[in-house]
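Here is the structure we will look at.
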Amino acid sequence: MDHDPNFLAGKLLIAMPAMGDPRFERSVVYVCAHSDDGAMGIIVNKPVPELRFADLLEQLGIPRPEKGARDIRVHFGGPVEGGRGFVLHSADYESEGGTMRIDEEVSMTATLDILRQIAAGDGPKASMLALGYAGWGPGQLESEIAQNAWLTGPAKSEILFGRANEHKWNAALKAIGVDPQTLSSSAGHA
């Protein structure tokens with residue numbers, strides 16, 4: 001998929017310390033789609049501690065095999081459509097008609113078949129499940145970036161799929177050469 005270089009699909013948004021919305025405080029968001037029509041992304045570093053993957057499978061009526069079952073963390077993906085699940089995963093998996101390829105390494109699937117396969121120990125080699133997503137209308141994300149709400153950077157597999165959620169914000173900043181200790185919570189323009 002060719003991307004317009006002005007758009008951020010396949011990149012990370014890293015919340016600045018002065019982020020005014022507590023839902024996005026210290027968030028790392030993987031941008032799944034970005035165009036003139038707006039943007040959609042998944043927060044990758046905010047697990048939902050009170051909801052386990054096994055509990056979600058039970059709610060959905062998806063059986064878990066006794067052997068070979070995998071477990072993945074359930075994350076808060078964003079404030080839009082909080083009851084809908086999205087699986088970000090490595091591009092080695094594709095569900096017919098249900099997978100959106102974001103770049104050469106990452107895809108997203110929002111169908112139940114991927115959950116069945118992950119539960120059975122199959123499916124993509126790397127994945128993370130999010131409930132809900134972050135969405136921006138036309139020009140909204142660009143405006144937030146111009147107001148210093150977000151930094152942008154490359155999406156690294158260990159940040160997207162790693163289990164150390166408490167370190168992902170620092171890791172994303174370090175990946176773009178920013179020391180988290182030097183960030184100010186007040187923005188300025190030259």
Side-chain angles (χ1 to χ4, degrees), residues 3-35 38-53 71-80 82 86-91 102-108 124-190:
H3 294 292
D4 182 317
N6 297 316
F7 295 126
L8 299 170
K11 303 282 188 216
L12 292 180
L13 298 175
I14 308 154
M16 289 291 285
M19 173 61 69
D21 188 332
R23 298 171 298 182
F24 292 102
E25 182 180 349
R26 292 180 60 100
S27 286
V28 178
V29 179
Y30 179 73
V31 181
C32 300
H34 186 206
S35 70
M40 179 267 190
I42 302 290
I43 299 173
V44 299
N45 67 326
K46 296 201 180 257
V48 179
E50 64 274 5
L51 183 60
R52 295 176 344 116
F53 184 56
D71 189 27
I72 60 175
R73 281 188 171 163
V74 180
H75 289 75
F76 168 71
V80 182
F86 300 88
V87 179
L88 276 182
H89 57 85
S90 50
I102 298 165
D103 61 26
E104 296 77 34
E105 297 179 19
V106 181
S107 297
M108 180 178 68
K125 70 176 179 188
S127 60
M128 63 89 55
L129 170 63
L131 296 178
Y133 66 91
W136 294 266
Q140 183 182 4
L141 179 56
E142 294 84 349
S143 175
E144 290 181 14
I145 291 170
Q147 294 169 18
N148 294 322
W150 302 101
L151 293 174
T152 61
K156 296 185 177 220
S157 184
E158 60 272 11
I159 294 173
L160 293 180
F161 305 120
R163 293 190 59 87
N165 289 294
E166 65 278 6
H167 300 295
K168 289 181 179 183
W169 187 74
N170 284 341
L173 287 170
K174 288 178 180 174
I176 59 171
V178 174
D179 179 349
Q181 301 297 322
T182 63
L183 284 179
S184 171
S185 61
S186 58
H189 294 279

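For this chain, numbers begin at 1 and follow the sequence in order.
Among residues at least two apart or in separate chains, there is no salt bridge (charged side-chain N to carboxylate O under 4.0 Å, His left out) pair with a member in residues 151-161. Identified under the ring-ring contact (aromatic ring centres under 6.0 Å, His included) test for residues 154-178, with sequence neighbours left out: none. The salt bridge (charged side-chain N to carboxylate O under 4.0 Å, His left out) contacts involving residues 18-33 comprise Asp21-Arg23, where partners must be two or more places apart or lie in separate chains. Pairs of residues two or more places apart, or lying in two chains, that qualify as ring-ring contact (aromatic ring centres under 6.0 Å, His included) and include a residue from residues 139-159 are Phe24-Trp150.
A search for salt bridge (Lys or Arg N to Asp or Glu O under 4.0 Å) contacts involving Arg52 returns Asp55, not counting sequence neighbours. Here Asn170 pairs with nothing under the side chain to side chain donor-acceptor pair (under 3.5 Å) rule; sequence neighbours left out. Among residues two or more places apart in sequence or in another chain, the side-chain contact (heavy atoms from CB on, under 4.5 Å) test is passed with Ser35 by Asp37. Scored by the ring pair (Phe, Tyr, Trp, His ring centres under 6.0 Å) test, Tyr30 finds no partners at all (sequence neighbours excluded). Under the side-chain contact (heavy atoms from CB on, under 4.5 Å) criterion, Gln140 pairs with Trp136, Glu144, sequence neighbours left out. For Lys46, the side-chain contact (heavy atoms from CB on, under 4.5 Å) test picks out Ser27, Ile43, Phe76, with sequence neighbours left out. Residues satisfying the side chain to side chain donor-acceptor pair (under 3.5 Å) criterion with Ser90, sequence neighbours excluded, are Asp92. Judged as a side-chain contact (heavy atoms from CB on, under 4.5 Å), and not counting sequence neighbours, the contacts of Val87 are His89, Ile114, Leu115, Ile118, Ser127, Leu129.
Side-chain contact check for Val31 versus Ile102: every heavy-atom pair is 4.5 Å or farther apart. Residues Val29 and Val44 have side chains not in contact (no heavy-atom distance under 4.5 Å, counting atoms from C-beta outward).
At most 12 non-hydrogen atoms from other residues, nucleotides or ligands lie less than 6.0 angstrom from CD of Gln181.
Residues Arg73 and Asn165 share a closest heavy-atom pair of NH1-ND2, 2.6 Å. Taking all atoms of both residues into account, the shortest heavy-atom contact from Phe86 to Ile42 is CB-CD1, 3.9 Å. For the residue pair Lys168 and Leu160, the shortest heavy atom distance occurs at NZ-O, 3.4 Å. Summarising the geometry of Ala130 relative to Gly77, their closest heavy-atom pair is CB-CA, 3.7 Å, with the distance given to 0.1 Å.
Atom CG of residue Leu12 and atom CD1 of residue Ile176 lie 9.0 Å apart, to the nearest 0.5 angstrom. Leu131 CG to Leu51 CG: the interatomic distance, rounded to the nearest 0.5 Å, is 6.0 Å. One finds the CG atom of Asn45 at 8.5 Å from the CE atom of Met128 (value rounded to the nearest 0.5 Å).
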